[in-house]
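Computed from a prediction, not measured in an experiment: that's the story for all the values here.
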Amino acid sequence: MQHRYRFPAIYFEATRVCNLRCPMCMTGSNDVRRVRESRRQQLSLDEIRERVLLPARNLGVMAIGWSGGEFLLRPDAFDLLRTTVDLGYKCNICSNCEVLDRERLEQIKEATRGAVTIAVGINSIDDENGWTRDAEVAKTLEVLDVCRELGIDRHVIITIGKHNAESFEKTVAFLKKRHISFNRSPLVARGSGGTHFEQQGFDRKDLEESFHPVLRRHVNGYVSYTPFFLSPELHAEVSGGAANNSVPQNPPIGCWAGTWLTLNAEGDVSVCPVLLDELSAGNVREKPIDELVEQSELFARITDRSQLGGRCGRCRYQYTCGGCRAMAYYHTGDYMGEDPTCFFDPVDPSTVSEHEEETNRVFRKYLIVARHAGFYQRPS
C-alpha cells in the first residue's frame, strides 16, 4: 500500500519517565500522575515493531527519532535501537545528556552500527552564562565533543522564546562554527512549558527582529521554520511537480506539521511533536500506523493548505510555508487558523515578500543538505 504523502521521519516519545524536572519541558514527563500511568500503558517492544516500525515502511519513513522523557531509561532501549536499524531505519536519539558518557555513546554506536544522531537541547550560549532546557551547558557540550570524537552525528534543538531572543544569534554562530546541525522548536503551552508560555512565548516582533534573520541565513538550520518565503514556482521546479494545495514534499519545508509523524508512549499518533497532547489521529493499538494516517481526517485536513484561514489563507507562501500550525493552535485554538506570530501581512496571493530572493538563494544550497539527509531526490 502506497500513501499519498511520504513522511520522512517519526518522532516517538517512547517513555514519559525522566531523570530531570526541567523548567520548560514540553512533554508529560514532569507530570507524576501521567508518568505512573504511562509505565503501565506504554507500548511494548513487540507492539512498536508490529504496529509502528513495520507498517511505517508504507509511509516512506526513513528515520525514527526516539525521545521521552528520557528514552534511554527504557529497559529495552538498546533492543529498540537494534530493531530500528535492522529494519533499515536511521535512529535519532533525543536526550537530556544526563545518562550519556563515552561508554554509553560507544554502546549506542555499536547497537545502531553508526546509523544514529544524538540530538540535545541547547537554548542559549553566551560568554557570561548558559541555560539549556534539559541539562547543564557544560555537560551537554561535553557530550557533543565526545560524539565528534566517536564519529557520531550531532544535532541541537533550540526551543525559542523571549528567554533566548537576545542570545539566539550567538548560539547559532557557536553551532555553525562547529558544523553542528540544528532546528528551532517554538516554546508552547505543553507540559511545564505551559507555565511560562504566556510570559515567554515569542511574538511577531521577536520573530521578525531576533529569530527569523538568523534562521534564514543558515543552511545547517534545517529548513523547517516559519515564515518561509520560498517561491512556490521554485519548489515546483526542484521537486518535479506542480505546486498544489498539499504540504510540500521533496523536500518538505516550512511548517512540517502533517509530514512528520509523532507518537507518545501510549501509542497516540499526531501531526507535530508539540501538538501531541492536543490533536490525535488515533492509537496504533486500534490500527497500525499506516492505516491510521491513511484514514485520518486530521491528516487529510492539515495537509490541505487550501483550508488555511486568515493571512495564511491569502498568502503567496500558503503552500511553501503554511504558517506554524502549533502557534496557530496555542494562540487561537484553531490549528488551521492564521499564525499570529508571523510578521508578513499579504494583501492577497500576489504580495511578494522582500525576503523571497534571499530565501530562494539559500534554499538552493539547502538542497545539497536535504539530498544527503535523504529528504530530497532530484526529479528524473
Side-chain angles (χ1 to χ4, degrees), residues 1-11 56-63 222-262 269-273 275 279-282 289-329 334-339 342 344 346 348-350 353 356 359-360 363 366-367 370-371 373-380:
M1 175 171 53
Q2 292 299 316
H3 290 254
R4 183 180 176 190
Y5 302 107
R6 294 184 66 220
F7 297 84
I10 290 175
Y11 171 86
R57 290 168 164 172
N58 297 324
L59 298 170
V61 172
M62 296 175 291
Y222 276 160
V223 185
S224 60
Y225 61 86
T226 59
F228 195 65
F229 301 114
L230 181 71
S231 158
E233 295 84 7
L234 177 56
H235 191 275
E237 173 191 330
V238 302
S239 66
N244 52 51
N245 292 326
S246 69
V247 292
Q249 302 272 301
N250 195 36
I253 52 172
C255 179
W256 283 18
T259 60
W260 282 59
L261 300 171
T262 65
V269 179
S270 190
V271 294
C272 172
L275 290 168
L279 304 177
S280 176
I289 194 168
D290 58 337
E291 292 183 23
L292 276 183
V293 172
E294 179 71 10
Q295 299 168 18
S296 165
E297 293 184 8
L298 172 62
F299 274 92
R301 187 168 187 231
I302 208 165
T303 53
D304 181 2
R305 291 190 172 171
S306 68
Q307 296 190 40
L308 295 180
R311 287 179 296 146
C312 291
R314 62 174 182 269
C315 184
R316 167 170 168 76
Y317 312 101
Q318 178 178 7
Y319 167 71
T320 52
C321 171
C324 179
R325 297 300 93 214
M327 289 291 96
Y329 178 82
D334 179 6
Y335 67 87
M336 296 300 286
E338 72 173 44
D339 175 359
C342 178
F344 186 52
D348 56 42
S350 68
S353 166
E356 180 177 305
T359 304
N360 289 352
F363 173 74
Y366 171 72
L367 291 177
R371 189 179 182 195
F375 296 154
Y376 174 63
Q377 293 180 336
R378 290 175 180 169
S380 57

Under 3.5 Å: donor-acceptor pair, side chain of T259, backbone of P252: no
Heavy-atom pair of closest approach, residues A9 and W260: CB-CZ3, 3.3 Å
Nearest-0.5 Å distance that lies between atom CG in L230 and atom OG1 in T320: 5.0 Å
Side chain to side chain, F375 and M62, heavy atoms closer than 4.5 Å: yes
Reported SG-to-CH2 distance for the pair C324 and W256, which is rounded to 0.5 angstrom: 13.5 Å
Distance, nearest 0.5 Å, that separates CZ of R316 from OG of S353: 10.0 Å
Shortest non-hydrogen contact between G240 and P379, atoms and distance: CA-CB, 3.7 Å
Nearest atoms (heavy-atom pairs only) where I289 meets I10: CD1-CD1, 4.2 Å
Backbone of S270 reached by a side-chain donor or acceptor of T262 within 3.5 Å: yes
Over all atoms of both residues, closest heavy-atom pair of V269 and F299: CG1-CE1, 4.2 Å
N250 (side chain) donor-acceptor with S239 (main chain) under 3.5 angstrom: yes
Reported SG-to-CE distance for the pair C312 and M336, which is rounded to 0.5 angstrom: 9.5 Å
Donor-acceptor contact below 3.5 Å, side chain R325 vs main chain G337: yes
Donor-acceptor contact present, side-chain S280 to main-chain G282, <3.5 Å: yes
N-O pairing of R314 and E338 below 4.0 Å: no
Test side-chain contact (heavy atoms from CB on, under 4.5 Å) applied to E356 and T359, step by step: CA-CA 5 Å; E356 180 177 305; T359 304; 5.6 Å; no
Heavy-atom closest contact (R305 atom, P248 atom, distance): NH1-CD, 3.3 Å
Atom CZ of R301 with >12 non-hydrogen neighbours under 6.0 angstrom: yes
Spacing of Y366 atom OH and Y376 atom OH [to the nearest 0.5 Å]: 11.5 Å
Ring pair (Phe, Tyr, Trp, His ring centres under 6.0 Å) against Y335, all qualifying residues, sequence neighbours excluded: none
Parallel, tilted or perpendicular: rings of H235 and Y319 (30°, 60°): perpendicular
Between CG on residue L275 and CD1 on residue I302, distance to nearest 0.5 Å: 6.5 Å
Y329 (side chain) donor-acceptor with L279 (main chain) under 3.5 angstrom: no
Flag, side chain of Q249 to backbone of R6, donor-acceptor distance under 3.5 Å: yes
Heavy atoms from other residues, nucleotides or ligands near CD of Q295 exceed 12 (cutoff 6.0 Å): yes
Short side-chain to backbone donor-acceptor contact, R311 and D339, under 3.5 Å: yes
Heavy-atom side-chain contact between P227 and Y317 under 4.5 Å: no
Shortest non-hydrogen contact between A63 and V61, atoms and distance: O-CG1, 3.5 Å
